[in-house]
Amino acid sequence: MLTDVPRATPLVFVSGAAVGLLGGMIGLGGAEFRLPLLIGLFGFAALSAVILNKAMSLVVVLTALPARLAAVPLAELGAHWPVAVNLLAGSLLGAWAGAAWAVRMRTGTLYRVLAALLVLMAVALLVTHGDFAALTMPAGVRTAAGVAAGFGIGVVAAIMGVAGGELLIPTIVLLYGVDIKIAGSLSLLVSLPTMLVAFARYSRDQSFVVLRENIRFVAVMVVGSVMGAALGGLLLGVVPDAVLIPALAVILLVSAVKLARHRSVPVR
(Lines give C-alpha, C1' and ligand atoms only; values in the text may rest on other atoms or scores of the structure.)
Protein backbone atom coordinates (compact mmCIF):
# COMPACT_ATOMS: atom_id res chain seq x y z
CA MET A 1 0.00 0.00 0.00
CA LEU A 2 1.28 3.47 -0.89
CA THR A 3 0.67 6.08 1.79
CA ASP A 4 3.48 8.57 1.03
CA VAL A 5 2.03 10.47 -1.94
CA PRO A 6 5.01 12.81 -2.56
CA ARG A 7 7.36 9.83 -2.71
CA ALA A 8 4.90 7.89 -4.86
CA THR A 9 4.31 10.79 -7.29
CA PRO A 10 6.22 9.19 -10.21
CA LEU A 11 4.18 6.00 -9.88
CA VAL A 12 0.92 7.98 -9.71
CA PHE A 13 1.87 9.90 -12.85
CA VAL A 14 2.97 6.79 -14.75
CA SER A 15 -0.20 4.95 -13.73
CA GLY A 16 -2.34 7.83 -14.96
CA ALA A 17 -0.38 7.97 -18.21
CA ALA A 18 -0.83 4.23 -18.76
CA VAL A 19 -4.59 4.56 -18.21
CA GLY A 20 -4.79 7.50 -20.61
CA LEU A 21 -2.68 5.66 -23.19
CA LEU A 22 -4.94 2.60 -23.14
CA GLY A 23 -8.04 4.74 -23.36
CA GLY A 24 -6.63 6.94 -26.10
CA MET A 25 -5.70 3.95 -28.25
CA ILE A 26 -9.34 2.87 -28.36
CA GLY A 27 -10.81 6.37 -28.46
CA LEU A 28 -12.12 6.38 -24.86
CA GLY A 29 -11.16 7.91 -21.52
CA GLY A 30 -9.86 4.71 -19.92
CA ALA A 31 -11.45 5.27 -16.50
CA GLU A 32 -12.47 1.62 -16.30
CA PHE A 33 -8.74 0.76 -16.20
CA ARG A 34 -8.03 3.43 -13.58
CA LEU A 35 -10.54 2.09 -11.04
CA PRO A 36 -8.76 -1.25 -10.35
CA LEU A 37 -5.46 0.63 -9.93
CA LEU A 38 -6.96 2.98 -7.36
CA ILE A 39 -8.14 -0.02 -5.34
CA GLY A 40 -5.46 -2.64 -5.93
CA LEU A 41 -2.30 -0.55 -6.29
CA PHE A 42 -2.98 2.58 -4.24
CA GLY A 43 -5.13 1.02 -1.52
CA PHE A 44 -8.27 3.16 -1.68
CA ALA A 45 -11.53 1.72 -0.39
CA ALA A 46 -14.14 0.94 -3.05
CA LEU A 47 -16.32 4.02 -2.57
CA SER A 48 -13.33 6.33 -2.21
CA ALA A 49 -11.88 4.92 -5.43
CA VAL A 50 -15.18 5.50 -7.23
CA ILE A 51 -15.35 9.14 -6.07
CA LEU A 52 -11.74 9.81 -7.08
CA ASN A 53 -12.29 8.08 -10.41
CA LYS A 54 -15.38 10.21 -11.02
CA ALA A 55 -13.46 13.42 -10.28
CA MET A 56 -10.63 12.46 -12.62
CA SER A 57 -13.02 11.30 -15.33
CA LEU A 58 -14.81 14.63 -15.15
CA VAL A 59 -11.56 16.56 -15.69
CA VAL A 60 -10.53 14.27 -18.57
CA VAL A 61 -13.92 14.75 -20.27
CA LEU A 62 -13.68 18.54 -19.89
CA THR A 63 -10.19 18.38 -21.42
CA ALA A 64 -11.32 16.19 -24.31
CA LEU A 65 -14.44 18.20 -25.14
CA PRO A 66 -12.73 21.15 -26.93
CA ALA A 67 -10.72 18.75 -29.10
CA ARG A 68 -13.87 16.83 -30.04
CA LEU A 69 -15.73 20.05 -30.83
CA ALA A 70 -12.86 21.08 -33.10
CA ALA A 71 -13.23 17.80 -34.99
CA VAL A 72 -17.05 17.86 -34.99
CA PRO A 73 -18.38 21.47 -34.70
CA LEU A 74 -21.39 22.32 -32.58
CA ALA A 75 -23.28 23.28 -35.73
CA GLU A 76 -22.97 19.71 -36.96
CA LEU A 77 -23.95 18.30 -33.58
CA GLY A 78 -26.94 20.62 -33.42
CA ALA A 79 -28.83 18.48 -35.89
CA HIS A 80 -28.64 15.60 -33.41
CA TRP A 81 -29.71 17.43 -30.24
CA PRO A 82 -32.85 15.22 -29.84
CA VAL A 83 -30.53 12.22 -29.40
CA ALA A 84 -28.71 13.88 -26.50
CA VAL A 85 -31.96 15.01 -24.89
CA ASN A 86 -33.48 11.54 -25.22
CA LEU A 87 -30.52 9.87 -23.51
CA LEU A 88 -30.19 12.59 -20.87
CA ALA A 89 -33.82 12.08 -19.87
CA GLY A 90 -32.72 8.70 -18.52
CA SER A 91 -29.03 9.19 -17.71
CA LEU A 92 -29.50 12.09 -15.29
CA LEU A 93 -31.93 10.05 -13.20
CA GLY A 94 -29.70 7.00 -13.50
CA ALA A 95 -26.63 8.93 -12.34
CA TRP A 96 -28.38 10.19 -9.21
CA ALA A 97 -29.81 6.76 -8.44
CA GLY A 98 -26.50 4.98 -9.08
CA ALA A 99 -24.55 7.32 -6.80
CA ALA A 100 -27.22 7.00 -4.11
CA TRP A 101 -27.03 3.20 -4.29
CA ALA A 102 -23.21 3.22 -4.21
CA VAL A 103 -22.99 5.25 -0.99
CA ARG A 104 -25.48 2.94 0.70
CA MET A 105 -23.87 -0.37 -0.33
CA ARG A 106 -21.81 -2.41 2.05
CA THR A 107 -18.14 -2.30 1.06
CA GLY A 108 -18.03 -6.01 0.21
CA THR A 109 -21.13 -5.69 -1.96
CA LEU A 110 -19.68 -2.70 -3.79
CA TYR A 111 -16.52 -4.65 -4.61
CA ARG A 112 -18.62 -7.42 -6.16
CA VAL A 113 -20.79 -4.94 -8.07
CA LEU A 114 -17.69 -3.21 -9.43
CA ALA A 115 -16.28 -6.58 -10.47
CA ALA A 116 -19.49 -7.41 -12.34
CA LEU A 117 -19.44 -4.02 -14.07
CA LEU A 118 -15.82 -4.53 -15.16
CA VAL A 119 -16.98 -7.76 -16.81
CA LEU A 120 -19.73 -5.75 -18.51
CA MET A 121 -17.14 -3.28 -19.81
CA ALA A 122 -14.99 -6.13 -21.12
CA VAL A 123 -17.98 -7.56 -22.99
CA ALA A 124 -18.86 -4.10 -24.32
CA LEU A 125 -15.33 -3.70 -25.67
CA LEU A 126 -15.48 -7.04 -27.49
CA VAL A 127 -19.00 -6.59 -28.86
CA THR A 128 -19.00 -2.95 -29.90
CA HIS A 129 -15.59 -2.59 -31.54
CA GLY A 130 -16.73 -3.81 -34.89
CA ASP A 131 -19.17 -3.05 -37.66
CA PHE A 132 -22.79 -2.90 -36.58
CA ALA A 133 -25.88 -1.41 -38.15
CA ALA A 134 -28.60 0.73 -36.59
CA LEU A 135 -31.67 -1.05 -35.29
CA THR A 136 -34.98 -0.46 -37.04
CA MET A 137 -37.83 0.45 -34.69
CA PRO A 138 -40.80 2.83 -34.42
CA ALA A 139 -40.02 6.34 -33.18
CA GLY A 140 -41.93 5.88 -29.92
CA VAL A 141 -40.15 2.63 -29.15
CA ARG A 142 -36.79 4.25 -29.94
CA THR A 143 -37.53 7.10 -27.55
CA ALA A 144 -38.50 4.73 -24.75
CA ALA A 145 -35.42 2.60 -25.44
CA GLY A 146 -33.23 5.71 -25.32
CA VAL A 147 -34.56 6.74 -21.91
CA ALA A 148 -34.13 3.19 -20.57
CA ALA A 149 -30.62 2.87 -22.02
CA GLY A 150 -29.69 6.30 -20.68
CA PHE A 151 -30.88 5.35 -17.21
CA GLY A 152 -28.85 2.13 -17.22
CA ILE A 153 -25.74 3.88 -18.52
CA GLY A 154 -26.15 6.64 -15.92
CA VAL A 155 -26.31 4.04 -13.14
CA VAL A 156 -23.21 2.19 -14.40
CA ALA A 157 -21.23 5.41 -14.94
CA ALA A 158 -22.08 6.69 -11.45
CA ILE A 159 -21.23 3.46 -9.65
CA MET A 160 -17.91 3.02 -11.49
CA GLY A 161 -16.95 6.68 -11.62
CA VAL A 162 -16.56 6.59 -15.41
CA ALA A 163 -17.84 8.77 -18.26
CA GLY A 164 -19.67 5.85 -19.86
CA GLY A 165 -18.51 6.44 -23.43
CA GLU A 166 -17.86 2.72 -23.95
CA LEU A 167 -21.63 2.20 -23.55
CA LEU A 168 -22.95 5.50 -24.88
CA ILE A 169 -21.23 5.42 -28.28
CA PRO A 170 -22.59 2.02 -29.40
CA THR A 171 -26.01 2.92 -27.98
CA ILE A 172 -26.12 6.12 -30.06
CA VAL A 173 -25.05 4.26 -33.19
CA LEU A 174 -27.45 1.35 -32.69
CA LEU A 175 -30.53 3.29 -31.62
CA TYR A 176 -30.23 6.40 -33.77
CA GLY A 177 -28.02 5.41 -36.71
CA VAL A 178 -25.59 8.26 -36.06
CA ASP A 179 -22.11 8.17 -37.59
CA ILE A 180 -19.61 6.87 -35.03
CA LYS A 181 -17.47 10.04 -35.19
CA ILE A 182 -20.47 12.21 -34.32
CA ALA A 183 -21.56 9.62 -31.75
CA GLY A 184 -18.25 10.11 -29.94
CA SER A 185 -18.87 13.84 -29.57
CA LEU A 186 -22.51 13.33 -28.60
CA SER A 187 -21.41 10.88 -25.92
CA LEU A 188 -19.27 13.60 -24.31
CA LEU A 189 -22.20 16.02 -24.34
CA VAL A 190 -24.33 13.41 -22.59
CA SER A 191 -21.54 12.31 -20.24
CA LEU A 192 -20.71 15.75 -18.87
CA PRO A 193 -24.08 16.64 -17.26
CA THR A 194 -24.56 13.00 -16.26
CA MET A 195 -21.23 13.02 -14.41
CA LEU A 196 -22.01 16.35 -12.77
CA VAL A 197 -25.26 14.93 -11.36
CA ALA A 198 -23.47 11.88 -9.92
CA PHE A 199 -20.71 14.13 -8.58
CA ALA A 200 -23.29 16.34 -6.86
CA ARG A 201 -24.86 13.28 -5.21
CA TYR A 202 -21.49 11.97 -4.01
CA SER A 203 -20.63 15.40 -2.58
CA ARG A 204 -23.44 14.94 -0.04
CA ASP A 205 -21.75 11.85 1.47
CA GLN A 206 -19.04 11.96 4.12
CA SER A 207 -16.83 9.78 1.89
CA PHE A 208 -16.43 12.80 -0.42
CA VAL A 209 -13.75 14.09 1.95
CA VAL A 210 -11.35 11.66 0.26
CA LEU A 211 -11.20 14.06 -2.69
CA ARG A 212 -10.06 17.00 -0.56
CA GLU A 213 -7.53 14.82 1.28
CA ASN A 214 -5.98 13.53 -1.96
CA ILE A 215 -6.15 16.56 -4.23
CA ARG A 216 -2.42 16.34 -5.09
CA PHE A 217 -2.77 12.66 -5.93
CA VAL A 218 -5.72 13.47 -8.21
CA ALA A 219 -3.87 16.34 -9.92
CA VAL A 220 -0.80 14.22 -10.68
CA MET A 221 -2.82 11.30 -12.02
CA VAL A 222 -5.03 13.59 -14.13
CA VAL A 223 -1.98 15.20 -15.75
CA GLY A 224 -0.63 11.73 -16.51
CA SER A 225 -3.99 10.60 -17.88
CA VAL A 226 -4.36 13.61 -20.19
CA MET A 227 -0.83 13.26 -21.53
CA GLY A 228 -1.26 9.52 -21.96
CA ALA A 229 -4.57 10.00 -23.77
CA ALA A 230 -2.94 12.48 -26.17
CA LEU A 231 -0.21 9.96 -26.95
CA GLY A 232 -2.76 7.16 -27.25
CA GLY A 233 -4.71 9.24 -29.76
CA LEU A 234 -1.60 9.56 -31.89
CA LEU A 235 -1.10 5.80 -31.71
CA LEU A 236 -4.73 5.11 -32.62
CA GLY A 237 -4.72 2.29 -35.18
CA VAL A 238 -1.01 1.43 -34.72
CA VAL A 239 -1.91 -1.74 -32.81
CA PRO A 240 -4.56 -3.76 -34.72
CA ASP A 241 -7.95 -3.89 -32.98
CA ALA A 242 -7.87 -7.67 -33.36
CA VAL A 243 -4.94 -7.69 -30.90
CA LEU A 244 -5.61 -4.62 -28.77
CA ILE A 245 -9.30 -5.12 -27.92
CA PRO A 246 -9.03 -8.74 -26.68
CA ALA A 247 -5.93 -7.80 -24.66
CA LEU A 248 -7.75 -4.91 -22.96
CA ALA A 249 -10.78 -7.13 -22.34
CA VAL A 250 -8.51 -9.63 -20.59
CA ILE A 251 -7.09 -6.84 -18.41
CA LEU A 252 -10.61 -5.90 -17.36
CA LEU A 253 -11.56 -9.51 -16.65
CA VAL A 254 -8.44 -10.11 -14.54
CA SER A 255 -9.18 -6.89 -12.65
CA ALA A 256 -12.76 -8.06 -12.12
CA VAL A 257 -11.59 -11.33 -10.58
CA LYS A 258 -9.21 -9.49 -8.24
CA LEU A 259 -11.93 -7.08 -7.14
CA ALA A 260 -14.40 -9.90 -6.53
CA ARG A 261 -11.82 -11.56 -4.28
CA HIS A 262 -10.78 -8.33 -2.57
CA ARG A 263 -10.72 -8.91 1.17
CA SER A 264 -7.96 -6.62 2.47
CA VAL A 265 -8.75 -3.81 4.90
CA PRO A 266 -8.37 -0.51 3.03
CA VAL A 267 -6.02 2.13 4.44
CA ARG A 268 -7.63 5.14 2.79
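Computed from heavy atoms alone, side chains included, the values below leave out hydrogens, waters and symmetry copies.
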Q | Trace of the side chain to side chain contact (heavy atoms under 4.5 Å, CB included) decision for Leu186 with Tyr176 | A | CA-CA 12 Å; Leu186 283 173; Tyr176 309 100; over 6 Å; no

Q. What's the verdict on side chain to side chain contact (heavy atoms under 4.5 Å, CB included) for Leu52 and Met221, showing C-alpha distance, side-chain angles and the deciding distance?
A. CA-CA 10 Å; Leu52 292 175; Met221 185 166 274; over 6 Å; no

Q) Where do Leu211 and Lys54 land on the side chain to side chain contact (heavy atoms under 4.5 Å, CB included) test, with the steps shown first? A) CA-CA 10 Å; Leu211 182 57; Lys54 177 63 73 179; over 6 Å; no

Q: Assess whether side chain to side chain contact (heavy atoms under 4.5 Å, CB included) is satisfied between Leu192 and Leu188, documenting all intermediate values.
A: CA-CA 6 Å; Leu192 185 55; Leu188 288 180; over 6 Å; no

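Looking at Leu92, Thr194, Ile172, Val147 one by one, the single match for side chain to side chain contact (heavy atoms under 4.5 Å, CB included) with Leu87 turns out to be Ile172.
Val178 and Ala183 get closest at one heavy-atom pair: CG1-N, 3.9 Å. Here the closest non-hydrogen pair linking Val103 and Ala100 is CG2-O, 3.2 Å. Residues Val119 and Ala256 share a closest heavy-atom pair of CG2-CB, 3.7 Å. Gly165 approaches Pro170 most closely through the heavy-atom pair O-CD, 4.0 Å. Considering all non-hydrogen atoms of both residues, Ala97 and Phe151 come closest at CB-CZ, 4.2 Å. Residue Ala198 comes nearest to Ala99 through the heavy atom pair O-CB, 3.9 Å, listed as atom of the first residue, atom of the second, then distance.
Within the 4.5 Å cutoff, the side chain of Ser255 has no heavy atoms near those of the Glu32 side chain. Contact annotation: the side chain of Phe217 approaches that of Leu38 to within less than 4.5 Å [non-hydrogen atoms, C-beta and beyond]. Taking the side chain as every heavy atom from C-beta outward, Met105 and Ile159 approach each other to under 4.5 Å. Side-chain contact check for Asn53 versus Val162: some heavy-atom pair is nearer than 4.5 Å. Ile182 has its side chain out of reach of Ser185: every pair of non-hydrogen atoms, C-beta onward, lies at least 4.5 Å apart. With a 4.5 Å cut-off on side-chain heavy atoms, Phe44 and Ile51 do not count as touching. Side-chain contact between Arg142 and Leu135 is absent, with no heavy atoms from C-beta onward closer than 4.5 Å. Residues Leu47 and Thr107 are not in side-chain contact: their nearest non-hydrogen atoms beyond the backbone lie 4.5 Å or more apart.
Tyr202 contributes atom OH, which lies 11.0 Å from atom OG of Ser48 (distance to the nearest 0.5 angstrom). Put simply, CG on Leu118 and CD1 on Ile251 are 12.0 Å apart, with the number rounded to the nearest 0.5 Å. The line from CG of Leu248 to CE of Met121 is 13.5 Å long, rounded to the nearest 0.5 Å. The CZ atom of Arg34 sits 4.0 Å away from the OG atom of Ser225 when rounded to the nearest 0.5 Å. The CE atom of Met137 lies 8.5 Å from the CG atom of Leu174; values are rounded to the nearest 0.5 Å. Distance CG/Asn86 to CH2/Trp81: 10.5 Å, rounded to 0.5 Å.
In this structure, Leu125 is not a member of the same hydrophobic cluster as Val254, with clusters built from ILVMFWY side-chain heavy atoms closer than 4.5 Å. Both Val19 and Val59 are part of a single hydrophobic cluster, where members link through side-chain heavy atoms under 4.5 Å apart. There is no path of hydrophobic side-chain contacts, each under 4.5 Å, that joins Val257 to Leu253. A continuous path of ILVMFWY side-chain contacts below 4.5 Å connects Leu41 to Leu114, so both sit in one hydrophobic cluster. The hydrophobic clustering, which links ILVMFWY residues whose side-chain heavy atoms are closer than 4.5 Å, places Leu126 and Leu167 together.
Every residue two or more places apart in sequence or in another chain that forms a ring-ring contact (aromatic ring centres under 6.0 Å, His included) with Phe199 is listed here: Phe208. Not a single side-chain hydrogen bond (donor to acceptor under 3.5 Å, both in side chains) links Thr143 to another residue, sequence neighbours left out.
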List, one per line, each side-chain donor-acceptor pair under 3.5 Å for residues 21-30, sequence neighbours excluded.
none

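For the pair Ser191 (side chain) and Ala163 (backbone), a donor-acceptor distance under 3.5 Å is present.
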